[in-house]
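In what follows, chains carry the letters A, B, and so on, assigned in the order in which the sequence lines appear, proteins first and then strands, with residues in each chain numbered from 1.
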Amino acid sequence: MTQTHREPLAKAYDPSAFEAAIYERWLAADVFPPDGAGSTADDALPPFVIIQPPPNITGSLHLGHGQRTTVEDVMIRHARMLGRPALFLPGLDHASIAAQFVLDGILAREGESRQSLGRERYLERMRAFINETRQVILTQQRRLGGSCDWGRLRYTMDEGSARAVRVAFRTLYERDLAYRAEALVNWCPGCRTSVSDLEVIPTPETGTLWRVRYHVLDETSGRPDPERWITVATTRPETILGDTAVAVHPGDTRYAGLVGARARIPFVERDVPIIADEVVNPAFGTGAVKITPAHDHDDHATGRRHGLPMPTILDEAARVADTGTPYDGLDRAEARARIVRDLAARGDLEGEAPHEMVIGRCQRSNDVIEPRLKTQWFVRTAPLAEKALDATRSGTTRILPARFEKEWEHWMTNIRDWNVSRQLWWGHRIPAWYCPDGHVTVSADPDGPSACDTCGRPAAELRQDPDIFDTWFSSGLWPFSTLGWPDATPDLERYYPGSVMETGYDILFFWVARMMMLGIELTGEAPFETVYLSGLIRDPLGQKMSKTKGNVVDFLGLIDDVGADALRFALIHGAAPGADVRFGSAKVEQARNFANKLWNATRFVLGARPSTIPADGERRLPEARHLGPAERWLLSRAAATVEAVDAAMGEHLFGEVTRVLYESIWGEYCDWGLELAKVRLQDESLPAEAREATWWALVEALDTYLRLLHPVMPFITERLWGELPHRTGDPDLLIAARWPGQVARDHAAEAEVEALIELVRGIRNARAEARIEPGSWLPVDVALPASLGPAFATLEPVIARLARARPLTRHVSREALAGLAARGGLTVIAGELEAVVGRDRADAITDALERARLEKELGDAERLLDAARARLANEAFVAKAPPAVVDGARAREAELADQVERLRDRLGRG
RNA sequence: GGGCGAUUAGCUCAGCUGGUUAGAGCGCAUGCUUGACAUGCAUGAGGUCACUGGUUCGAGUCCAGUAUCGCCCACCA
């Protein structure tokens with residue numbers, strides 16, 4: 001395949017100049033869908049399916065989303081390059097409560113409200129609103145380079161999801177896994193709906209603990225005795241109006257005589273029993289507790305045990321209602337203040353004290369949650385959780401990092417039934433109908449039931465439940481509802497269960513748990529093999545990013561500044577799985593610089609093509625017989641990088657992937673590979689074949705690095721790869737190219753070149769320490785073992801240039817070198833190699849500095865030698881450590897001893 | 001009240017199954033317009049791996065405890 005040359009690489013790396021165009025090329029080539037026209041997937045391989053949490057349709061992506069999309073995209077691109085049919089299905093979540101919260105805010109600014117519009121107009125407004133917002137997130141994902149199969153875009157409120165919701169609910173109902181019951185639910189007065197336990201955030205606050213006297217009834221008169229009372233402690237005096245008992249601990253002798261008596265509740269003037277119950281902690285407060293069964297979880301349980309009445313005294317907006325007192329109509333806070341005041345006036349307020357407490361607030365609106373009695377739909381979770389636990393315990397589904405499995409176990413084993421009813425409008429209406437006789441009919445028919453299941457009354461007489469489902473109910477079906485379930489579609493057959501579900505650990509229970517429970521129950525299979533939990537992105541101060549804090553980073557702005565590649569790299573570099581990351585500009589700059597480095601390195605390679613190689617020729621593997629040690633080293637290091645990246649990818653260690661690539665590309669390929677190659681490419685004395693081989697080796701290694709880096713930095717690698725000569729069989733686009741295969745390392749070449757690199761480093765170091773003019777050329781005499789002779793001979797001009805050595809003379813023995821050292825100069829000891837820099841150049845070299853340097857080196861070497869000797873002197877070490885370790889220690893000792901001896905020699909302290 | 005995690009260079013963080021001299025980026029110091037790159041190059045300084053004990057020939061790594069910070073779960077008014 002002949003490659004088409006487009007515009008040559010610009011001198012400066014400017015991602016904004018090509019990222020959008022690259023994305024368009026991918027789209028045009030139809031390579032994102034596993035079954036797209038441009039897909040090069042091998043259908044014999046198992047599909048790889050990533051499951052992404054569909055972002056809220058009304059929002060915009062923040063850096064956390066960016067990180068996750070990146071991680072997901074890294075996995076999908078890697079799988080695609082391995083030839084697997086790779087599905088990355090994009091989606092949006094209607095996010096009922098979150099969306100309503102956003103819209104309600106907008107309406108409030110317009111002077112409207114949910115109530116003023118009414119259900120139908122409100123929903124119309126919502127649809128208009130999401131039509132505006134839905135594009136935001138999709139655009140962001142594109143800008144970031146997400147290689148999603150856009151043709152399969154789904155939405156949790158589309159017809160497919162709606163049907164899945166109805167069928168799922170009916171199925172649960174038929175299996176007695178969904179039931180309707182009156183229960184105390186968490187009520188948010190701001191959102192005017194119940195919320196699940198998970199949505200209640202325990203918030204520490206300093207409240208007040210009031211002590212209130214309830215007068216005990218006189219047995220004969222039946223009237224409250226002004227002289228006898230029982231004092232209760234409460235943090236919520238307004239709930240006095242709903243009290244139906246006073247409880248004390250059965251063993252509490254202080255109150256033993258009062259149990260069985262009755263007390264008068266003030267204001268409502270209700271007479272209630274004084275009961276004994278184990279829940280009461282006699283050490284807390286006064287040891288007597290007022291019981292409000294309709295507005296407190298503990299009290300509700302107590303009320304049930306004792307068969308107490310449960311009057312509701314707060315309405316939907318948490319105003320006092322139906323108490324027959326003057327407090328009716330007051331907000332709970334105001335009612336509290338008045339009641340406290342009135343109690344004091346009556347002389348029944350015994351005292352008050354500040355009190356540290358934990359209060360439940362709404363995750364969404366931050367309102368104080370008010371427990372309230374409601375008839376709601378619940379999902380019976382115990383049997384579902386049991387199956388979910390089976391899946392994780394058996395390894396059918398793995399949770400990464402593994403430590404989250406413990407949290408999972410704990411939560412799943414203590415799970416409570418899931419309240420799925422929400423008194424909201426934006427969402428899936430619960431498909432339950434009630435007939436006048438109270439019969440319940442659950443139907444999956446989009447038009448509802450035709451008649452009551454129980455008594456046959458016609459549909460016209462049935463009334464549908466006004467509530468909608470918790471938003472997580474529909475997203476809990478996501479892994480299969482998006483593939484056509486409940487129908488047995490080819491997609492469902494092929495792409496279910498998914499491979500990896502990636503999300504932040506903060507929604508492990510909200511979402512992952514629900515998908516697992518519903519998925520297993522409804523499809524018979526766990527919905528994914530691996531749960532990969534990412535950490536949270538935090539700001540540079542370690543705070544969670546949030547709009548209210550104003551520390552949310554402008555995602556598209558960052559891409560405008562540094563490019564999507566740099567952002568992607570920065571988001572996963574140096575991050576351990578599941579660990580939170582502080583994200584600051586330093587990371588982005590590092591990533592941008594890395595991209596810039598790669599850009600310029602490629603420009604160099606392209607510009608260094610020997611004139612004997614045609615510009616548009618196909619790529620050739622360099623011929624082995626023309627390869628020198630530097631080329632063999634370069635190719636072997638590329639092979640080593642393939643091994644390291646494969647290992648890291650296999651374990652989902654993406655931070656390790658970027659670390660390895662950064663180090664290999666910058667520290668090896670650019671710092672040494674290109675520098676070594678430069679001299680040879682310019683060396684006219686070499687045969688053309690040798691120079692060609694050097695260039696082909698550069699191209700070969702660069703090709704490998706671009707492939708390895710592509711999942712992380714897809715745009716720049718695609719752009720640069722397009723400029724490289726391709727091999728026969730390569731596709732036009734890197735995204736569809738194959739992942740590098742593992743090739744054999746050349747350990748001999750690696751050792752040789754690394755020894756020579758150490759020599760160059762040593763010479764540079766000595767020169768710098770001796771404060772020698774960097775540009776000056778000094779004679780260098782080198783002694784090296786015979787085994788390194790050929791490599792040195794080949795690379796001699798390279799070493800000469802990198803070390804500023806002229807002339808560079810090789811000596812066969814150290815003895816010869818020792819004689820030279822006596823004539824002045826710097827001594828360099830680099831492993832087995834040794835060099836003298838600047839003999840006879842007393843003008844350039846300060847003897848005192850050189851002696852100081854050598855003294856320091858000697859000191860270091862002696863210390864290390866002592867440690868090595870001490871280690872070997874330990875008989876237990878020699879006897880018990882593995883032979884390889886002992887051998888290594890011996891070699892180390894010998895090397896150090898040799899070094900010490902040579903340094904002493906030079907310092908005249910033989 | 002339970003459970004989990006973190007504590008490594010001035011800062012932000014890697015360090016997998018225990019094994020030579022603990023790494024990176026930024027920052028810092030010194031010096032370089034080296035024909036890919038100053039978004040760069042070279043060289044360097046900087047760490048009793050929170051503390052105490054234990055296991056081991058050998059511990060940043062494993063175990064126990066302590067301290068500090070963070071997170072999750074939990075019905076004490």
Ignoring backbone atoms, establish whether [X] has a side-chain N or O less than 4.0 Å from OP1 or OP2 of [N].
{"X": "A:Asn281", "N": "B:A77", "answer": "no"}
{"X": "A:Arg211", "N": "B:A77", "answer": "no"}
{"X": "A:Arg403", "N": "B:G5", "answer": "no"}
{"X": "A:Arg582", "N": "B:C13", "answer": "yes"}

Report the nucleotide, chosen from B:G44, B:A36, B:G5, that has the shortest atom-to-atom distance to any side-chain atom of A:Lys678.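 That would be B:A36.
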
Which residue lies more 5' along RNA chain B, comparing A:Asp197 with A:Pro282 via nearest heavy atoms: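 Of the two residues, A:Asp197 wins.
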
Between A:Asn593 and A:Val885, which has a closest nucleotide on RNA chain B that is more 5'?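 The residue whose closest nucleotide sits nearer the 5' end is A:Val885.
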
Relative to A:Tyr669, does A:Lys597 satisfy both conditions: NZ or CZ under 6.0 angstrom from the six-membered ring centre, and within 45 degrees of the ring's axis?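 Because its charged atom misses either the 6.0 Å distance or the 45° angle limit, A:Lys597 does not stack over A:Tyr669.
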
Ignoring hydrogens and angles, tell me if any N or O in the side chain of A:Glu407 forms a donor-acceptor pair with the backbone of A:Phe404 under 3.5 Å.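 Answer holds: no.
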
May I ask you to decide if A:Arg767's main-chain N or O and A:Arg804's side chain share a donor-acceptor pair within less than 3.5 Å?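 Judged by distance alone, no pair lies under 3.5 Å.
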
Between atom CH2 in A:Trp672 and atom C1' in B:C41, what is the gap in whole Å?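 The distance from CH2 of A:Trp672 to C1' of B:C41 comes to 11 Å, rounded to the nearest Å.
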
Using a strict cut-off of less than 4.0 Å between a Lys/Arg side-chain nitrogen and an Asp/Glu carboxylate oxygen, indicate whether A:Asp860 and A:Arg863 qualify as a salt bridge.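 Result for this pair is yes, salt bridge flagged.
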
Test for a donor-acceptor pair under 3.5 Å between the base of B:C4 and the side chain of A:Lys406, counting only N and O atoms.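 Result: no qualifying N/O pair found.
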
